[in-house]
Amino acid sequence: MANLVEATSQKQFEEILSKAGSRLTVVHFHAAWAPQCGQMNEVMAELAKEHSSAIFLRLEAEAVLEVSEKYEISSVPTFLFFRAGEKVERLDGAHAAELTAKVRRLAGSGGPGGAAEAPGLEERLKKLVRAAPCMLFMKGSPQEPRCGFSRQLVGLLKEHHVTFSSFDILQDEEVRQGLKTFSNWPTYPQLYVDGELVGGLDIVKELAASGELENICPKEVSLEQRLQAAINRGPVMLFMKGTKEAPRCGFSRQILEILNGTGLDYDTFDILQDEEVRQGLKTFSNWPTYPQLYVRGQLIGGLDIVKELKESGELVSVLRGES
C-alpha cells in the first residue's frame, strides 16, 4: 500500500493500523479550515518520501469523531505515532522540526526486518539546528510557552516580524541535555540562525535594541510572496478544492479529468487546506472562483477556459508553455 494515505472512517483507520503491523505509523489529525494543517500536510508528504518504510496517515478530526474522541484530540494539527497498533508518542501543534525529528528517531527503531539504526545524537542535533533558517529551542511552543524566558524571546521575535520554527525541549530529554553540550550553552531558550548559535534571551534583547536582529534573522514572508511561491511551485499548477486523488467539488473533478487526459505532468494545491491562500489568490489573480490553472506562473483561467482550450486543440501546447 502507498505510504501516504487518507482515512475517512473509523473502520478504514483501524484497517490501516492493522495492515501497518510493526511499521511506524504517523497519524495527522487535521482540519480543512486550519491553514497550519495544510502546511503540515506538505511536511508529511516530504517525510513520506524520505521514510518509505513508515506509513503517513491523514485523518480529518471533525469528520471521524470516534477516533478523535478515543485519542483525546482537542486541537489541530495533532500527530500520533503508532507501532503494532499501539500509540507510542504524541505531538500537538504545527512544529515541523519536532515532527521531522520524531519521525527520524522512531523510524530508525523496530521496523520490519530491522530498520536502519537511528542516527547518533550529534547528527540529530546538527539536523535539528538546521531544520529551518531560524530555529528556537524553547520550553513549550510559541503558542504556549512554558517559561518566562521563552515567552519573552518569542515575543521579541514576533515583535520584530522574524520567521522562525521551534522545538519544545520539554518533549525530548535527549535533545534538552545534549544541546547544552553541543552548543556549549547551558540554558534555554537558545536561538540558531542557519545552524549557528546566536544565543539566549539576553543576547537577543541586545540585538533587538541595537537594530541588528532584523539583519540576522529571516523576516516574515508576506502573503504576496507566499502566493508567488505557490504559483511557481511547478511549471503547471492547479489550485483546486481537494487533491488529485480526492477532489472536493465537481468543477475540480472535471478539470482533473481534462488535465489527466493530456498525459502531461502537473501539480496541485488544495485551497481548502489554506484559507489565507484561498482568499488571497482571488484578489492576487483577479479571478474570483476555483479551480484556477497557472502555467509558468501565468494565470490561464478556470474550468470553462480549459474546456475551450481542449475543444480548440490548444490545451497541450498551452500546458507546455508553447503559446
Side-chain angles (χ1 to χ4, degrees), residues 26 28 30 34-48 50-51 56 75-79 81 89-106 119 123-147 149-172 174-176 178-179 182-183 185 188-201 203-204 207-208 213-223 225-226 229-230 273-274 276-277:
V26 184
H28 178 198
H30 67 91
Q36 61 270 35
C37 290
Q39 295 158 10
M40 295 307 291
N41 274 334
E42 294 180 15
V43 176
M44 284 269 286
E46 290 303 313
L47 289 171
E50 183 179 339
H51 301 280
F56 294 83
S75 62
V76 292
T78 292
F79 297 86
F81 302 79
E89 284 206 34
R90 176 184 182 122
L91 175 64
D92 294 276
H95 309 302
E98 288 184 60
L99 176 64
T100 300
K102 283 182 180 293
V103 169
R104 285 175 176 165
R105 175 164 54 85
L106 293 170
E123 286 304 309
R124 279 193 67 206
L125 296 176
K126 285 179 180 178
K127 289 179 180 179
L128 277 177
V129 298
R130 291 186 175 276
C134 185
M135 278 295 301
L136 176 64
F137 292 81
M138 61 180 289
K139 294 181 179 179
S141 67
Q143 295 77 28
E144 296 182 9
R146 299 280 296 277
C147 79
F149 298 129
S150 292
R151 183 177 296 107
Q152 289 182 61
L153 206 154
V154 166
L156 279 171
L157 295 178
K158 289 182 176 180
E159 180 185 340
H160 290 269
H161 307 291
V162 172
T163 298
F164 67 98
S165 295
S166 67
F167 186 99
D168 182 2
I169 51 125
L170 298 179
Q171 299 283 339
D172 194 317
E174 185 181 47
V175 170
R176 180 180 184 176
L179 197 59
F182 178 84
S183 62
W185 195 271
Y188 291 99
Q190 294 181 17
L191 184 68
Y192 292 76
V193 173
D194 294 330
E196 298 294 329
L197 176 67
V198 174
L201 176 60
I203 288 179
V204 173
L207 292 170
L213 187 61
E214 290 88 343
N215 298 325
I216 293 174
C217 297
K219 299 287 186 65
E220 285 181 351
V221 177
S222 68
L223 176 57
Q225 289 172 310
R226 284 195 64 209
Q273 300 286 348
D274 194 319
E276 187 178 47
V277 169

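Remark: Lys102 pairs with Glu89 by the side-chain hydrogen bond (donor to acceptor under 3.5 Å, both in side chains) rule, at least two apart or across chains. Applying the side-chain hydrogen bond (donor to acceptor under 3.5 Å, both in side chains) rule to Asp92 yields the partners Thr78, Arg90; only residues at least two apart in sequence or on another chain are considered. Looking at residues two or more places apart in sequence or on another chain, you find a side-chain contact (heavy atoms from CB on, under 4.5 Å) between Glu144 and Ser141. For Glu50, the side-chain hydrogen bond (donor to acceptor under 3.5 Å, both in side chains) partners at least two apart in sequence or on another chain are Arg104. Applying the side-chain contact (heavy atoms from CB on, under 4.5 Å) criterion to Leu170, with sequence neighbours excluded, gives Lys139, Arg146, Asp168, Arg176. In this structure, Gln39 has no side-chain hydrogen bond (donor to acceptor under 3.5 Å, both in side chains) partners at least two apart in sequence or on a different chain. Contacts of Glu214 classified as side-chain contact (heavy atoms from CB on, under 4.5 Å), with partners at least two apart in sequence or in another chain: His160, Lys219. Residues passing the ring pair (Phe, Tyr, Trp, His ring centres under 6.0 Å) test with His28, sequence neighbours excluded: His30, Phe79. For the ring pair (Phe, Tyr, Trp, His ring centres under 6.0 Å) test, residues two or more places apart in sequence or in another chain that qualify with Phe137 are Phe167, Tyr192. Judged as a side-chain contact (heavy atoms from CB on, under 4.5 Å), and not counting sequence neighbours, the contacts of Arg130 are Glu196.
The number of heavy atoms from other shown groups lying within 6.0 Å of CZ (Phe182) is above 12.
Here the CG-CE distance, from Leu47 to Met40, works out to 8.0 Å after rounding to the nearest 0.5 Å. Atom-to-atom distance recorded for Leu157:CG and Met138:CE is 9.5 Å, nearest 0.5 angstrom. For the atom pair NE2 (His51) and CG (Leu106), the distance works out to 10.0 Å, reported to the nearest 0.5 Å. Interatomic distance, Gln152 CD to Leu156 CG, rounded to the nearest 0.5 Å: 7.5 Å. Note that OG1 of Thr163 is 12.0 Å distant from NZ of Lys158, once rounded to the nearest 0.5 Å. In this structure, Leu223 CG and Gln225 CD are separated by 10.0 Å, a value rounded to the nearest 0.5 Å.
For the pair Pro189 and Leu153, the tightest heavy-atom approach, listed with the atom from each and the gap, is CG-CD1, 3.5 Å. Considering all non-hydrogen atoms of both residues, Val43 and Ala96 come closest at CG2-CB, 4.0 Å. Across every non-hydrogen atom of Ala101 and Leu128, the tightest pair is CB-CD2, 3.5 Å. Of all non-hydrogen atoms in Pro142 and Val154, the two that sit nearest each other are O-CG1, 4.0 Å.
Residue pairs meeting the salt bridge (charged side-chain N to carboxylate O under 4.0 Å, His left out) criterion with at least one partner in residues 37-47, sequence neighbours excluded, are Glu42-Arg233, Glu46-Lys49.
Within the 4.5 Å cutoff, the side chain of Ser165 has no heavy atoms near those of the Leu136 side chain. Residues Met135 and Leu191 have side chains not in contact (no heavy-atom distance under 4.5 Å, counting atoms from C-beta outward).
For Glu174 and Arg105, the salt-bridge test fails: no basic side-chain N is under 4.0 Å from an acidic carboxylate O.
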Going through the distances and angles, do Leu179 and Trp185 end up as a side-chain contact (heavy atoms from CB on, under 4.5 Å)?
-> CA-CA 8 Å; Leu179 197 59; Trp185 195 271; over 6 Å; no

